[in-house]
Amino acid sequence: MLSKRLKNAAIVVIMTLAAATATAQPAKAKLVLPALSILFAPVYLAEDAGYFKSAGVDVELSQLAGPAALNALIGGSGDFTTIAGLVQLRAAQRGQKTLAIAGLQENATTEIVLSAATAERFAAAKTPIDRTRALKGLTLAVDAANGLPHAYLRYVARQAGLDADRDIRLIFIAPPGMGAALEKKEVDGFVFSSPFTLEAVRRGGTLWISGPRGDFPDVNPTTYNVLVARDGFCTSAAETCRNMVSALNKSLAFISNEPQKALALLTKRFDKMDPELLKQAFESFRRNTPARAMPMGKAFDHTVEVMFGPQDDKVALRATAKTIYTDDFVRSAKQGD
C-alpha cells in the first residue's frame, strides 16, 4: 500500500513539474522589421540584451523591406512589427486592420538632403519655408508611395504652399540606393532619415530640411514609430503583448539611462557602419526617443491632422484611427528599470 501511495505521489510530482515546465516555456512571437535602421534600436536591444526572453517571449526577428513588413501581419505570417502609424492607418483605410499597442517615438526625424550643387543654387534660402519653396521643380527620391518620407515631404510642402506630388518630381528608391543616386546626379536630393542622410552629408551633400534640427516642429507629436500587432493577436495572447511592451520599456530605459552601453551593444548589429557615423545617428535618435513606451491617442489625432492632406476625409480617418490602437498594454506593462 505504501509503495502504491509513493508511486502515486511521484506521479503527481512529475505531472506538477511538467506543468510548471510547460508554463515556464516562453511564448513565441514573430517580429518583422521593415529595414535595418537605428530607428529600431529598442527592438535590437531587447533581443541582444535578453529583455524579450526575460519578459517571457521567444522572439523570432526577421526583416522584410518597407510595406512588406506590415503585409506580413496582414497576411498572418508575422505577429508584430514596428512602423509609422500613418502607414498602419493607410492600410486600415483599405480594410487591412492591425493594432498598435505602444508608442515608441513621437518626434519626426525625417530629413531632406540635397546635392551640394543644388543647395548652392538656393544659398539665399535661409528659413525652412524658403528652403521648402526651393524644392519646386526638383527631382527627389522617397522610398515608397504613401510611406512616411513621402507623407513628411507632402506636409512640409503644404507649409510652403506647394503640392509635393505636382510641384516636385518624385522617384522611388530603396534607402541604401539613395546616396548613390545623389552622387550620380540622378536626383537632386532625397527624403529619409539617419544614418542615410548623415552618410550623404559626409559625402558632400547638404542637409536641407531636418526634423531633428527642429525644422517644422508642429508636425509633432506624430506616430513616428509604434509597435503593431497582427489583428486579433492581442485578444488571444494578451500576456505576450504586455510582455513585448515590458521588454521594449527596458530597452527605452537602457537607451535613456545608459546610452554608452546601449551604443556599444548596437555596434554588433551595425558592424559594417562607420563607428562615428553610428554614434551620430544614435545620438540623434536618443534625443528624440522617450524613456518608456507612450500612449498614442494624441499622436494619432495629430497624425491625422497634419500628415494627411486636405483631400483626405479626416473625420473618417479619426474614426478609423480610434479602432487601430489601444493604450491598455502601455498602462499595464512593466516599466523599464
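The structure presented is a predicted model; accordingly, all values stated were derived computationally and were not measured. Values below: all heavy atoms of this structure, side chains included; hydrogens, waters and symmetry mates excluded.
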Between the side chains of [X] and [Y], is a donor N or O closer than 3.5 angstrom to an acceptor N or O?
{"X": "Asn220", "Y": "His302", "result": "no"}
{"X": "Thr127", "Y": "Asp130", "result": "yes"}
{"X": "Thr118", "Y": "Ser115", "result": "yes"}
{"X": "Thr222", "Y": "Thr303", "result": "yes"}

Are the side chain of [X] and the backbone of [Y] linked by a donor-acceptor contact shorter than 3.5 Å?
{"X": "Ser284", "Y": "Gln280", "value": "no"}
{"X": "Lys126", "Y": "Ala123", "value": "yes"}
{"X": "Gln335", "Y": "Ala333", "value": "yes"}

Where is the tightest heavy-atom contact between [X] and [Y], given as atom of each residue plus distance?
{"X": "Arg230", "Y": "Gly78", "value": "NE-O, 3.2 Å"}
{"X": "Leu266", "Y": "Ala41", "value": "CD1-CB, 3.9 Å"}
{"X": "Gly204", "Y": "Ala116", "value": "O-CB, 3.3 Å"}
{"X": "Ser193", "Y": "Thr109", "value": "CB-O, 3.5 Å"}
{"X": "Ile324", "Y": "Ala92", "value": "CG2-CB, 3.9 Å"}
{"X": "Lys97", "Y": "Thr323", "value": "NZ-OG1, 3.3 Å"}

Any side-chain heavy atom of [X] sitting closer than 4.5 Å to one from [Y]?
{"X": "Leu277", "Y": "Glu199", "value": "yes"}
{"X": "Met294", "Y": "Thr223", "value": "no"}
{"X": "Leu70", "Y": "Val87", "value": "yes"}
{"X": "Phe52", "Y": "Met244", "value": "yes"}
{"X": "Leu252", "Y": "Leu104", "value": "yes"}
{"X": "Pro195", "Y": "Phe270", "value": "no"}
{"X": "Leu114", "Y": "Leu138", "value": "yes"}
{"X": "Phe308", "Y": "Asp313", "value": "no"}

If Ile, Leu, Val, Met, Phe, Trp and Tyr residues are connected whenever their side-chain heavy atoms lie under 4.5 Å apart, and connections chain through other members, are [X] and [Y] in the same group?
{"X": "Ile173", "Y": "Leu135", "answer": "no"}
{"X": "Val304", "Y": "Met307", "answer": "yes"}
{"X": "Val330", "Y": "Leu31", "answer": "no"}
{"X": "Leu89", "Y": "Leu153", "answer": "yes"}
{"X": "Phe285", "Y": "Leu265", "answer": "yes"}

Inset, instruction - Report the C-alpha separation of Thr326 and Leu99 in whole Å, then their side-chain angles, then the decisive distance to 0.1 Å, and conclude whether the side chain to side chain contact (heavy atoms under 4.5 Å, CB included) test is met. - result: CA-CA 7 Å; Thr326 177; Leu99 185 70; 3.7 Å; yes
Inset, instruction - Could you list all the disulfide (SG to SG under 2.5 Å) pairs where at least one residue sits in residues 211-325, not counting sequence neighbours? - result: Cys234-Cys241
Inset, instruction - Any chance you could lay out the side chain to side chain contact (heavy atoms under 4.5 Å, CB included) test for Val228 and Thr82, step after step, and finish with the verdict? - result: CA-CA 6 Å; Val228 178; Thr82 68; over 6 Å; no
Inset, instruction - For the pair Arg154 and Asn146, evaluate side chain to side chain contact (heavy atoms under 4.5 Å, CB included) and give the outcome as yes or no after the intermediate values. - result: CA-CA 10 Å; Arg154 283 170 167 163; Asn146 297 318; 3.0 Å; yes
Legend entry - More than 12 heavy atoms from other groups under 6.0 Å of CZ on Arg202: yes
Between [atom1] on residue [X] and [atom2] on residue [Y], distance to nearest 0.5 Å:
{"X": "Gln88", "Y": "Gln93", "atom1": "CD", "atom2": "CD", "result": "12.0 Å"}
{"X": "Thr132", "Y": "Ile168", "atom1": "OG1", "atom2": "CD1", "result": "8.5 Å"}
{"X": "Glu305", "Y": "Asp218", "atom1": "CD", "atom2": "CG", "result": "11.5 Å"}
{"X": "Met296", "Y": "Asp327", "atom1": "CE", "atom2": "CG", "result": "4.5 Å"}
{"X": "Glu111", "Y": "Thr197", "atom1": "CD", "atom2": "OG1", "result": "3.5 Å"}
{"X": "Thr81", "Y": "Asn71", "atom1": "OG1", "atom2": "CG", "result": "10.0 Å"}

Does a side-chain N-to-carboxylate-O contact under 4.0 Å join [X] and [Y]?
{"X": "Asp328", "Y": "Arg331", "value": "yes"}
{"X": "Lys279", "Y": "Glu283", "value": "no"}
{"X": "Glu47", "Y": "Lys53", "value": "no"}
{"X": "Glu60", "Y": "Lys28", "value": "no"}
{"X": "Asp163", "Y": "Lys136", "value": "no"}
{"X": "Asp215", "Y": "Arg213", "value": "yes"}

Inset, instruction - Take Lys261 and Phe254, measure what side chain to side chain contact (heavy atoms under 4.5 Å, CB included) needs, and give me the verdict at the end. - result: CA-CA 8 Å; Lys261 289 183 179 179; Phe254 187 28; 3.7 Å; yes
Inset, instruction - Run through Arg269, Lys268, Lys250 and flag the one making a salt bridge (charged side-chain N to carboxylate O under 4.0 Å, His left out) with Asp48. - result: Arg269
Between [X] and [Y], what is the ring plane arrangement, given parallel below 30°, perpendicular above 60°, and tilted in between?
{"X": "Phe192", "Y": "Phe196", "result": "perpendicular"}
{"X": "Tyr325", "Y": "Phe300", "result": "parallel"}
{"X": "Tyr152", "Y": "Tyr155", "result": "tilted"}

Inset, instruction - Would you mind telling me which of Leu73, Leu61, Asp79 makes a side-chain contact (heavy atoms from CB on, under 4.5 Å) with Lys30? - result: Asp79
Inset, instruction - With His150 as reference, evaluate Thr110, Asp165, Asp143 under the side-chain hydrogen bond (donor to acceptor under 3.5 Å, both in side chains) test and give the passing residue. - result: Asp165
Inset, instruction - Kindly state each residue pair satisfying ring-ring contact (aromatic ring centres under 6.0 Å, His included) with at least one member in residues 199-249, sequence neighbours excluded. - result: Phe80-Phe233
